[in-house]
Amino acid sequence: MRIPHLSFILLFTCTMVLGQKNYPQDAFRSPMDIPLVLAGTFGELRSNHFHSGIDIKTKQRQGLPIYAIGDGTVTRIKISHWGYGKALYVAHPNGYTSVYGHLQKFSPDLEAYIKKIQYQKKSYTVEVFPDYGELKVEKGELIAYSGNTGGSSGPHLHFEIRSSVSEKPTNPLLYGLEVRDATNPILTGLYGYPLSENAQVNQSNHKVQLSFTRQKDGTFLADKVKATGTIGFGFNAYDRQDLAANKNGVYQVQQKVNGKVYTDYDFETFSFSETRYINTLIDYEHFGKSRQRIQRCFKVPGNALSIYNTLYNEGKIDVEEGLSYTVEILLTDLEGNLTKAIIPVEGKKEALISNKKPISTNDYVIAKKPNNFDLGGAQVYFPKNTFYDDFYIDLKKGKDTVGIHDNSVPAHRNFTISFDTSKYTDAERKQLFIARLDNRLKPSYASTYKRGNTFTTRTRNLGTYTLAMDTIPPKVKAKNFKEKQWLTNYHYLSLSISDDLSGINTYSATLNGDWILMEYEPKTRTLTYNFDDKILNKKQCELKVIVTDNVGNSTTFTRSFFRK
């Protein structure tokens with residue numbers, strides 16, 4: 001760990017250390033016995049949420065041992081196809097709960113415990129809450145092995161520390177865990193925003209990208225900005241720890257105007273109930289078009305985030321003609337590494353050369369009221385507070401396909417789309433479902449609730465929706481064995497399952513008539529059965545697997561094999 005220079009220590013004592021609570025530094029050990037190299041940091045900006053833990057690299061492998069960070073008791077075990085996949089929750093006597101996600105498997109005792117429940121419920125996906133003290137663990141005890149289950153995009157350990165009472169996650173690096181980091185955050189973009197009527201930035205009444213250069217002292221200096229009215233600034237940046245090339249999130253952001261702190265927020269902690277408000281911190285319209293997240297140093301309507309330590313004038317800057325301003329944006333990581341951007345602003349009104357006209361359509365959404373629209377073959381209903389702010393919505397009517405704006409506007413709550421299917425026969429309705437079309441017009445299944453002639457889906461995604469029909473059942477293939485093959489020395493069975501349109505809904509498997517646990521990995525479309533789960537008394541074995549898609553099309557796969 002790098003020891004900061006004295007000037008850094010003096011600079012950040014007030015801005016960082018005093019802003020944090022006192023977290024225990026010696027109570028917990030690392031969850032792994034390898035150097036901690038991060039693929040993701042706490043509070044990192046993700047799709048519709050802040051990252052609630054740290055992602056620890058596992059050398060691109062699965063099966064590395066995971067240890068309890070302190071004495072405690074297992075309070076929750078959850079296994080799902082998405083999210084954290086196989087996840088373990090351990091409550092500790094000091095009021096914290098540690099969370100371990102994307103696991104390959106649990107320790108032998110915990111594995112036996114959860115598999116017994118899976119066989120009782122005849123389900124791979126389970127969630128259990130053991131009685132307090134039923135499954136005790138000791139500090140340093142093996143509790144699991146690292147994996148790639150759930151919504152993981154590669155092998156790693158997702159690790160969290162939460163309050164056992166409030167369940168608010170806190171930054172795990174505040175508890176004395178060491179990660180080598182001597183690298184400053186990296187600034188990649190600066191943007192200016194005119195925010196009030198008649199405001200302008202560099203002869204534009206809408207967002208402009210600012211040019212900047214790196215100075216000899218390491219700071220970044222933007223070209224002079226000429227502006228009037230109420231304006232704001234935003235930035236693109238990422239942080240990088242030593243030993244890893246991953247572009248991780250920045251810990252703390254400050255904006256100063258003529259030395260006065262206008263904005264100060266950090267990722268020490270946040271609440272899961274507010275995590276979707278990330279869509280008000282970033283420029284969501286820009287993200288919808290470019291997939292780049294600009295963090296705004298000012299607050300917009302609907303922003304209910306509690307991450308702000310200081311917010312003067314909502315982070316907005318009132319620029320008067322004839323006056324000059326020095327704006328500083330300070331980006332800091334937990335080790336005190338600092339990146340500073342300086343933006344000189346001159347109060348000067350000039351003729352507009354880039355004039356963005358207000359968007360206007362025939363339909364208008366009032367965010368604080370419920371809104372209902374007739375789309376011809378469908379209805380869309382937005383409950384109050386579905387959106388953060390009022391806006392003109394672009395709606396396209398149709399019979400089987402309707403357009404509901406685009407992905408430039410975020411929805412905070414679920415809204416409802418209902419299609420009229422009365423023109424279809426009963427047989428056709430069984431195979432119909434609601435689908436969302438992507439930019440290539442490829443349909444993806446939207447959870448469809450059928451009640452008579454009305455099909456309904458609840459979603460937070462604006463875009464194009466249609467009625468689609470799936471008539472083809474799923475495909476099931478054996479991956480590592482053949483019919484009538486001897487499998488005495490095999491440890492597992494592996495099958496591939498896929499569906500061409502509506503997607504896999506359920507699957508079940510029996511061996512010689514008895515239900516068996518098959519683990520489904522959607523990322524690889526693989527079903528796996530471990531022979532250790534069941535002692536086979538018959539030389540000839542009969543495997544039967546039934547796979548059903550989201551509209552009820554079903555495929556039954558059978559194979560015989562020999563084993564002793």
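Quick note: numbers below take in every heavy atom, side chains included, and nothing from hydrogens, waters or symmetry partners.
E346 has a carboxylate O that lies under 4.0 Å from a charged side-chain N of K224, or vice versa, which qualifies the two as a salt bridge.
Rounding to the nearest 0.5 angstrom, the gap separating the NE2 atom in H156 from the CG atom in L38 is 11.0 Å. Considering CG of L36 and CD1 of I54, their distance stands at 6.0 Å, rounded to 0.5 Å. If you take OG on S152 and CD on Q62, they are separated by 8.0 Å, rounding to the nearest 0.5 Å. Summarising the geometry, atom OG1 belonging to T326 is positioned 15.5 Å from atom NZ belonging to K260; distances are rounded to the nearest 0.5 Å. I66 contributes atom CD1, which lies 7.5 Å from atom CD1 of I56 (distance to the nearest 0.5 angstrom). Between atom NE2 of residue H102 and atom OG1 of residue T58 there is a gap of 11.0 Å, rounded to the nearest 0.5 Å.
A perpendicular orientation is assigned to the rings of F220 and F212, their planes being inclined by more than 60° (bins at 30° and 60°). Between H405 and F391, the ring planes lie perpendicular to each other; the angle is over 60°, past the 30° to 60° tilted range. Taking the six-membered ring where the residue is Trp, H158 and Y84 present tilted rings, their angle falling between 30° and 60°. Aromatic ring pairs are classed by plane angle as parallel below 30°, tilted from 30° to 60° and perpendicular above 60°; the pair Y507 and H81 is tilted.
One N or O on the side chain of R296 and one on the backbone of T280 form a donor-acceptor pair closer than 3.5 Å. For H51 (side chain) and T41 (main-chain N/O), a donor-acceptor pair under 3.5 Å exists by modelled atom type. Under the 3.5 Å distance criterion, the side-chain polar atoms of E160 are left unmatched by any main-chain donor or acceptor of S98. Checked by atom type and distance alone, the side chain of R276 pairs as donor or acceptor with a backbone atom of A411 at under 3.5 Å. Formation of a donor-acceptor pair under 3.5 Å by the T170 side chain with backbone atoms of I161 is found in this model. D406 places no side-chain N or O within donor-acceptor distance of the main-chain N or O of G463, the cut-off being under 3.5 Å. Under the 3.5 Å distance criterion, the side-chain polar atoms of K139 are matched with a main-chain donor or acceptor of A27. Remark: side-chain polar atoms of D266 are paired, donor with acceptor, to backbone N or O of E268 under 3.5 angstrom. For the pair T219 (side chain) and Q215 (backbone), a donor-acceptor distance under 3.5 Å is absent. Using modelled atom types, no side-chain atom of T263 and backbone atom of Q255 make a donor-acceptor pair closer than 3.5 Å.
Counted by atom type alone, S164 and T97 present one or more donor-acceptor pairs between their side chains at under 3.5 Å. With 3.5 Å as the limit, one finds no donor-acceptor pair spanning the side chains of N148 and Q104. In this structure, a donor-acceptor pair under 3.5 Å is absent between the side chains of D283 and Q292. With no hydrogens or angles considered, a side-chain donor-acceptor pair links E274 and S306 at under 3.5 Å. Donor-acceptor pairing under 3.5 Å is lacking for the side chains of N184 and T339.
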Verdict with reasoning, K105 to E519, per salt bridge (Lys or Arg N to Asp or Glu O under 4.0 Å): CA-CA 11 Å; K105 60 182 179 180; E519 299 194 5; over 6 Å; no
Could you walk me through whether T332 and N337 pass the side chain to side chain donor-acceptor pair (under 3.5 Å) check? CA-CA 6 Å; T332 314; N337 301 305; over 6 Å; no
Steps toward ring-ring contact (aromatic ring centres under 6.0 Å, His included) verdict (Y277, H412): CA-CA 8 Å; Y277 286 107; H412 190 74; 4.2 Å; yes
Show your working on side chain to side chain donor-acceptor pair (under 3.5 Å) between N246 and K57 and close with a plain yes or no. CA-CA 10 Å; N246 299 75; K57 287 176 171 285; 3.0 Å; yes
Evaluate the ring-ring contact (aromatic ring centres under 6.0 Å, His included) criterion for residues F270 and F42: first the C-alpha distance (whole Å), next the side-chain angles of each, then the deciding distance (0.1 Å), finally the verdict. CA-CA 10 Å; F270 62 86; F42 183 84; 5.3 Å; yes
Before you tell me yes or no, could you show the steps for R46 and E44 under salt bridge (Lys or Arg N to Asp or Glu O under 4.0 Å), namely the whole-Å CA-CA distance, both residues' side-chain angles and the distance that decides it to 0.1 Å? CA-CA 6 Å; R46 303 285 177 90; E44 197 166 272; 3.0 Å; yes
Dump the intermediate steps for ring-ring contact (aromatic ring centres under 6.0 Å, His included) on Y96 and Y175, then the final yes or no. CA-CA 11 Å; Y96 296 101; Y175 296 82; 5.2 Å; yes
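Considering only heavy atoms from C-beta on, Y100 comes within 4.5 Å of V90 through its side chain. Side-chain contact between K299 and L311 is present, with at least one heavy-atom pair separated by less than 4.5 Å.
Listed here is the closest heavy atom pair of T73 and G133: OG1-N, 3.0 Å.
Atom CG of N258 has more than 12 neighbouring heavy atoms from other residues, nucleotides or ligands inside a 6.0 Å radius. Within 6.0 Å of NZ on K479 lie more than 12 heavy atoms contributed by other residues, nucleotides or ligands. Summarising the local packing, CD of Q60 is surrounded by 12 or fewer heavy atoms from other residues, nucleotides or ligands at distances under 6.0 Å. Within a 6.0 Å sphere centred on CD of E167, heavy atoms belonging to other residues, nucleotides or ligands number 12 at most.
Every ring pair (Phe, Tyr, Trp, His ring centres under 6.0 Å) that Y308 has, sequence neighbours left out, goes to Y265.
Taking the six-membered ring where the residue is Trp, the centroids of F233 and Y193 are separated by 6.0 Å or more. A distance of 6.0 Å or more separates the ring centres of F272 and H49. Centroid-to-centroid, the aromatic rings of Y529 and F531 come within less than 6.0 Å.
Under a cutoff of 6.0 Å and an axis angle of 45°, R291 and F287 form a cation-pi pair.
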